[in-house]
Number of protein chains: 2
Amino acid sequence: MPPTASSPVLLTKRGLARQQKLLEVAERAFLQNGYAATSVNEIVRQAGGSLGTLYRQFGNKLGLFEAVFKKKSQEIFAPFDDDALWSDDMAKSLYTFGHTLQHIALSADGVAIYRLVVSENNLDQGEIQKIFYRHGPQTAIRVLARYLEKQMKAQRIELLNAELAAQQFLEMIKGPFVLRALFGESLAEQELETALNQAIMLFLKGCEKTV
Amino acid sequence: MPPTASSPVLLTKRGLARQQKLLEVAERAFLQNGYAATSVNEIVRQAGGSLGTLYRQFGNKLGLFEAVFKKKSQEIFAPFDDDALWSDDMAKSLYTFGHTLQHIALSADGVAIYRLVVSENNLDQGEIQKIFYRHGPQTAIRVLARYLEKQMKAQRIELLNAELAAQQFLEMIKGPFVLRALFGESLAEQELETALNQAIMLFLKGCEKTV
DNA sequence: CCAAAAGTGTAATGTATGCTACACTTTGTT
DNA sequence: AACAAAGTGTAGCATACATTACACTTTTGG
């Protein structure tokens, strides 16, 4: 019987310590090797404790994965709850937002999570992935889209579709690098900078109001 | 001993037929389920013939995968050998190029191959993936980049980096949809159209020469 | 302080996998 | 015709995996 909200598992001090250690080891394993290639026995061997504890706490392998996955995707996208980056200086706002996003999306953990999302979409009929998508990228997109809509209403720019434009901006600054990051190439900071600057230039000139 | 160029396997008529059937079945299996989740025994069961034949012809599972993978990625990116799409009407050229690319990259086979590339990069130290990247996306990028460079030399546009701009254009028109396509959502033609039009608008206005 | 629950350790179960072995039949070449 | 190579079918090997079982010790709450 997997643990649920209606029948939670009571943890001792030791059990809690074990749970955290399990999550920590499991995170490293899943991010490094993916879901299928990760062995539950190996996780327990590294984390200490017992197989029974893992199964009592997480139900099964998928339960453990979900726990790791939700925790990690929330951590990764936390920086976007900050509304302080936005001003009426569009170039500056786009720069700080873009710079943050680049370094999140292209970090080791970022690409590892991306690989998980793309790889394992037959686990829960893709439900886990959709949860990630809504908590993660979609949040970032929405923040930017709202900002762009405000600038549209203020007659400073014109666009066919603000939400789409937000996605397109994101893709311009990270898209060209994700495969390379996945292949393990190290990206020069200057490359990211150039992509960001060119994206901002194209974007601002491209949608400025032509009176 | 896996078959190589220096010691090829001689095929009978029956053997050739079996090879093609094996490739056909294996392609479907790999694209659908990925590398690890595909069973060699199951492939033989569906294709007919014998396990021994498969191993004599392809050496091992990875050899079969390579054969399928190279064949399929060449097929997919074949349309870009055509130079006839390019004229000095930039909007029109970008539109036809972009439309083609969208429908290749977001097709069922396109996203399936993409998933393989992202998922299984620990097989051959990622060599297979790099081969794909150079044969596939990089070809498309280069064609567009050359065109943009020509337009730059003709003083019609200005850019920091033509190759990068080409990648960014590609990402603008396909990036927002790849995850959704991977999740199995069906994309309305009109959405793609909007993305393409907005990308062209942003791009052309964004880099036009300001005299 | 004492039952009940939680944690531990190890072993076992069942299943699926890639791959090899082998005895046999079919095919191609001289 | 005959000989070697290629194809077939089945059976089996070795291994790895998730999951369960069980006998035992530790912790917790009344």
Side-chain angles (χ1 to χ4, degrees), chain A residues 1-4 6-26 29-30 32-69 119-120 122-124 128, chain B residues 1-4 6-26 29-30 32-68 119-120 122-124:
Chain A
M1 172 177 46
T4 62
S6 57
S7 83
V9 172
L10 299 183
L11 297 172
T12 71
K13 288 175 201 166
R14 193 171 42 161
L16 197 79
R18 205 52 90 194
Q19 181 175 84
Q20 288 173 339
K21 187 72 180 169
L22 281 171
L23 284 173
E24 178 190 325
V25 172
F30 281 133
Q32 200 158 77
N33 309 320
Y35 182 78
T38 293
S39 156
V40 186
N41 293 282
E42 180 61 23
I43 288 177
V44 171
R45 208 170 304 135
Q46 285 182 32
S50 149
L51 209 45
T53 304
L54 188 155
Y55 274 87
R56 201 171 309 107
Q57 294 193 353
F58 298 103
N60 55 21
K61 187 183 181 181
L62 188 57
L64 175 61
F65 179 74
E66 281 192 46
V68 169
F69 192 81
S119 305
E120 334 272 8
N122 352 34
L123 294 185
D124 193 42
I128 312 184
Chain B
M1 174 177 47
T4 61
S6 57
S7 83
V9 173
L10 298 183
L11 297 171
T12 71
K13 290 177 201 165
R14 192 172 40 160
L16 198 79
R18 204 51 90 193
Q19 181 175 86
Q20 288 174 339
K21 187 70 181 173
L22 281 171
L23 284 172
E24 178 190 324
V25 172
F30 281 133
Q32 200 158 77
N33 309 320
Y35 182 79
T38 294
S39 156
V40 198
N41 293 285
E42 180 61 23
I43 288 178
V44 172
R45 210 171 301 136
Q46 285 182 32
S50 149
L51 207 47
T53 304
L54 188 155
Y55 276 87
R56 202 171 306 107
Q57 293 194 353
F58 298 103
N60 55 21
K61 188 183 181 182
L62 188 58
L64 174 61
F65 179 73
E66 282 192 45
V68 168
S119 306
E120 334 272 6
N122 353 36
L123 294 185
D124 193 44

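We name chains A, B, ... by the order of the sequence lines, and we start the count at 1 in each one. These numbers were taken from a predicted model, which means no experiment stands behind them.
No side-chain donor-acceptor contact under 3.5 Å links Gln20(A) and Glu24(A).
Ring geometry for Phe65(B) against Tyr35(B) counts as perpendicular: the plane angle is over 60°, on a 0 to 90° scale with 30° as the lower cut.
The side chain of Leu51(B) has dT20(C) as its nearest neighbour among dT20(C), dA6(C), dT20(D). The side chain of Asn60(B) approaches dC19(C) more closely than any other nucleotide in the set dA6(C), dG7(D), dC19(C). Nearest nucleotide to the Lys13(A) side chain, out of dA18(D), dG7(C), dT28(D): dT28(D). When distances run from any side-chain atom of Tyr55(A) to the nucleotides dT20(D), dG7(C), dC19(C), the shortest one goes to dT20(D).
Taking the ring axis of Tyr55(A) as reference, the NZ or CZ atom of Lys61(A) does not stay both within 45° of it and closer than 6.0 Å to the ring centre.
Between the CG atom of Leu16(B) and the P atom of dA5(D) there is a distance of 20 Å, rounded to whole Å. Taking atom CG of residue Leu62(A) and atom C1' of nucleotide dT19(D), one finds them 14 Å apart after rounding to whole Å. Rounded to a whole Å, the CZ atom of Phe58(A) is 14 Å from the C1' atom of dG7(C). Across the protein-nucleic acid pair, Leu54(A) atom CG and dA6(C) atom P stand 16 Å apart, rounded to whole Å. Rounded to a whole Å, the CZ atom of Arg14(B) is 12 Å from the C1' atom of dG9(D). Atom CZ in Arg18(B) sits about 14 Å away from atom C1' in dT25(C), given to the nearest Å.
A residue-by-residue look at Gly15(A) and Gly52(B) shows that Gly15(A) has its nearest nucleotide of DNA chain C further toward the 5' end.
Closest heavy-atom contact between Gln57(B) and Gln19(B): OE1-CB, 3.1 Å. Taking all atoms of both residues into account, the shortest heavy-atom contact from Ala29(A) to Thr38(A) is O-OG1, 3.3 Å.
If you check residues 37-48 of chain A against DNA chain D, the residues with a heavy atom closer than 4.0 Å are Thr38(A), Ser39(A), Val40(A), Asn41(A), listed by number.
Under 4.0 angstrom from either OP1 or OP2 of dG7(D) there lies at least one side-chain N or O belonging to Gln57(B). Here Arg56(B) reaches the OP1 or OP2 of dG7(D): one of its side-chain N or O atoms lies under 4.0 Å away. OP1 or OP2 of dT8(D) sits under 4.0 Å from a side-chain N or O of Thr53(B).
Atom NZ of residue Lys21(A) and atom CD1 of residue Ile43(A) lie 12.5 Å apart, to the nearest 0.5 angstrom. Note that CD of Glu66(B) is 5.0 Å distant from CG of Leu62(B), once rounded to the nearest 0.5 Å.
On a pure distance criterion of 3.5 Å, a polar donor-acceptor pair joins the side chain of Ser50(A) and the base of dG9(C).
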